[in-house]
Amino acid sequence: MSEAVIDESDPFEEFNKAMGAGVIQNPYPDFGPMRVEGITKADVRQILGLDADADLGFDEGDVPPLFTVSSYDAVQEVLRDNTRFSSSGYADVMGAVMGHTILEMDEPEHHAYRSLIQQAFSRKAMEAWESDLVGPVVDELIDGFLAEGRADLVPQLLFPFPVNVIAGLLGLPREDLTKFHRWTVELISVSIDMDKALSASRSLYDYLVPFVHERREQPGNDMISVLANADHEGQRLTDDEIIAFCRLLLPAGAETTYRSSSNLMTGLLTHPDQLDAVRNDRSLLPNAIEEGLRWEPPLLTIMRTAVEPTSVGGVDLPAGAMLVVNMGAANHDEKRWADADEFDIFRPMSAHIAFASGPHMCLGMHLARMETKVAINRIFDRLPDVRLDPDADPPYITGMTFRSPPHLHVVFD
């Protein structure tokens, strides 16, 4: 009998490399000229991060016209108008591996589905998650390195804590965490390896469907139970719809929260005066969280499709045009924020677009904020003099689509 082949590749490292990690450290200076025009014609090579003369491997004529939307006003116009601009393009990109998710839905389907899903994100549930789940998860991870006097906060705390939280929210066994975390990263690595992404999608379905059936019959307090029994005007979620949402929640909740909390800690640790201010006055933490999201959003771009011939910022768009909506560029718009490239928790707060905008504004944004608040508070409570490790390389944030620091070495007494 032949031995089973074990896949020893690291899907997390492969995904980050494909997203520009280690290559693109600071894309923001390049966004400035694009913001001046608001919306610009884009080359497919530019979108893919390739050289101008690189071989695409396919005919450019097969690609619809591409535009990049970069200014705050233009980004808001596109995201808030779900009549002229559709999210349905995600069906072609992610539908094969995610299933039919809220990501690709337009009205009225989007409103009906969101009304069912948001029942799992009640204020009461959020309060219970904060005290009973998020805090203990963070404490357990800190316990693992507290005696050492030093840590790399990304792999030892900020990377693993959100996926532990999502597993708890869904009521999944902790012992399965490594397995389904790997599946979720392989799932969103569809542009790297379609076969692996499809295999991960099937594995997640086979893994999750027994839980859905069990929770329909014997509901608990977990999110799968709420979704399995949710009702909105007589409409209920099917097995496929629940699993599609779980496929979306696992990478969305784990990936973006670990990146946003890591980015915030990078901003604070590299600005010791602001670190001390928040450490000594926790009422500044909400401002710090919002500034971290504005300064370095975990996800720079999302996509929209022009439904009809239209225009944005004086630029005519044909029907079918694909729009790369650059939320990172919009969050650095100098017309809205002074010294926009600087991290400054004391700046006057003005709504950012890290969680998108309009009908598709992130459903889990309050959960993400709460998780980050708990993690940062626990760090300050239990590592009260935490600071950058002077013997380690300085931290840096990297990536062109998803952004975060690969390491965050700290010391504490």
Side-chain angles (χ1 to χ4, degrees), residues 10-31 49 138 141-142 144-145 148 150-165 181 185 188 251-275 278-279 285 288-301 327-328 331-332 341-345 352 354 368-369 371-376 378-380 383 386-412:
D10 185 342
F12 311 101
E13 181 178 352
E14 292 173 4
F15 178 73
N16 280 334
K17 284 182 178 179
M19 297 300 109
V23 179
I24 306 295
Q25 286 195 27
N26 184 11
Y28 294 102
D30 293 334
F31 296 159
V138 174
L141 290 167
I142 291 177
F145 60 78
E148 302 298 321
R150 64 193 331 112
D152 183 348
L153 288 180
V154 174
Q156 292 182 264
L157 174 60
L158 300 173
F159 176 73
F161 100 82
V163 75
N164 273 270
V165 170
H181 197 184
V185 176
I188 58 174
E255 276 290 309
T256 57
T257 301
Y258 113 68
R259 294 179 190 276
S260 61
S261 57
S262 298
N263 292 347
L264 172 58
M265 278 306 300
T266 301
L268 291 171
L269 287 163
T270 54
H271 296 77
D273 57 330
Q274 299 184 54
L275 176 72
V278 179
R279 180 162 39 202
L285 185 52
I289 291 172
E290 298 311 308
E291 175 64 357
L293 287 163
R294 182 207 66 81
W295 175 65
E296 278 288 7
L299 176 65
L300 287 184
T301 59
M327 300 180 296
N331 279 338
H332 283 235
D341 289 349
E342 299 301 316
F343 177 78
D344 180 6
I345 66 169
H352 57 72
R369 286 182 171 115
E371 288 182 87
T372 301
K373 179 190 71 173
V374 172
I376 304 302
R378 286 295 207 277
I379 288 171
F380 288 156
L383 318 174
V386 66
R387 59 202 182 274
L388 287 177
D389 186 342
D391 297 326
D393 292 333
Y396 63 90
I397 295 170
T398 182
M400 191 58 192
T401 304
F402 291 88
R403 287 183 59 75
S404 60
H407 301 283
L408 198 48
H409 295 281
V410 297
V411 293
F412 44 88

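Below, all heavy atoms of this structure are taken into account, side chains as well, without hydrogens, waters or symmetry copies. Treat the numbers as computed from the prediction; the structure is a model and nothing was measured.
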key: For the student: nearest non-hydrogen atoms of Leu153 and Met265, plus distance   = CD1-CE, 4.3 Å
key: Side chain proximity check, Thr398 to Pro405, heavy atoms < 4.5 angstrom   = no
query = Considering residues, nucleotides and ligands other than Asp393, do more than 12 of their heavy atoms fall under 6.0 Å from its CG?
reply = no
message = Can you list everything that forms a side-chain contact (heavy atoms from CB on, under 4.5 Å) with Pro395? Sequence neighbours excluded, please.
response = Thr266, Thr270, Leu388, Leu408
ask   = Ignoring hydrogens and geometry, is there a side-chain-to-backbone donor-acceptor pair from Arg387 to Pro272 under 3.5 Å?
value = no
query = Which residues satisfy the salt bridge (charged side-chain N to carboxylate O under 4.0 Å, His left out) test with Glu296, sequence neighbours excluded?
reply = Arg403
query = Which pair of heavy atoms, one from Pro27 and one from Leu300, lies closest together, and at what distance?
reply = CG-CD1, 4.2 Å
note = Taken in chain and number order and not counting sequence neighbours, the residues that satisfy salt bridge (charged side-chain N to carboxylate O under 4.0 Å, His left out) with Arg150 are Asp389
query = Can you tell me how far CD1 of Ile289 sits from CG of Asn263, rounded to the nearest 0.5 angstrom?
reply = 13.0 Å
inquiry  = Nearest 0.5 angstrom please: Leu264 CG to Glu291 CD, how far?
reply    = 9.5 Å
task = Hey, could you give me the CZ/CZ distance between Phe145 and Phe412, rounded to the nearest 0.5 Å?
result = 5.5 Å
query = Listed by chain and number, what are the side-chain hydrogen bond (donor to acceptor under 3.5 Å, both in side chains) partners of Asp30, not counting sequence neighbours?
reply = none
note = All heavy atoms of Ala354 vs all of Asn331, minimum pair found to be N-ND2, 3.5 Å
task = Check whether any side-chain heavy atom of Ser404 lies under 4.5 Å from a side-chain heavy atom of Val154, and answer yes or no.
result = no
message = Under the rule for side-chain hydrogen bond (donor to acceptor under 3.5 Å, both in side chains), what residues qualify as partners of Glu290, not counting sequence neighbours?
response = His352, Arg369
ask   = Mind checking whether Tyr28 and Phe31 have parallel, tilted or perpendicular rings, split at 30° and 60°?
value = perpendicular
ask   = In Å, rounded to the nearest 0.5 Å, how long is the span from CG of Leu383 to CD1 of Ile142?
value = 5.5 Å
ask   = Less than 4.5 Å apart, any side-chain heavy atom of Leu293 and any of Pro298?
value = yes
Atom of Leu141, atom of Gln156 and distance for their closest heavy-atom approach = CB-O, 3.9 Å
request  = Working to the nearest 0.5 Å, report the span between CZ of Phe159 and CZ of Arg259.
outcome  = 8.5 Å
query = With sequence neighbours excluded, what pairs up with Phe343 under the ring pair (Phe, Tyr, Trp, His ring centres under 6.0 Å) test?
reply = His271, Trp295
request  = For residues Ile379 and Leu157, determine if any side-chain heavy atom of one lies less than 4.5 Å from a side-chain heavy atom of the other.
outcome  = yes
task = Indicate yes or no: at least one non-hydrogen side-chain atom of Val163 is less than 4.5 angstrom from one of Tyr258.
result = no
ask   = Between atom CG of Leu275 and atom CD1 of Ile345, what is the distance when rounded to the nearest 0.5 Å?
value = 9.0 Å
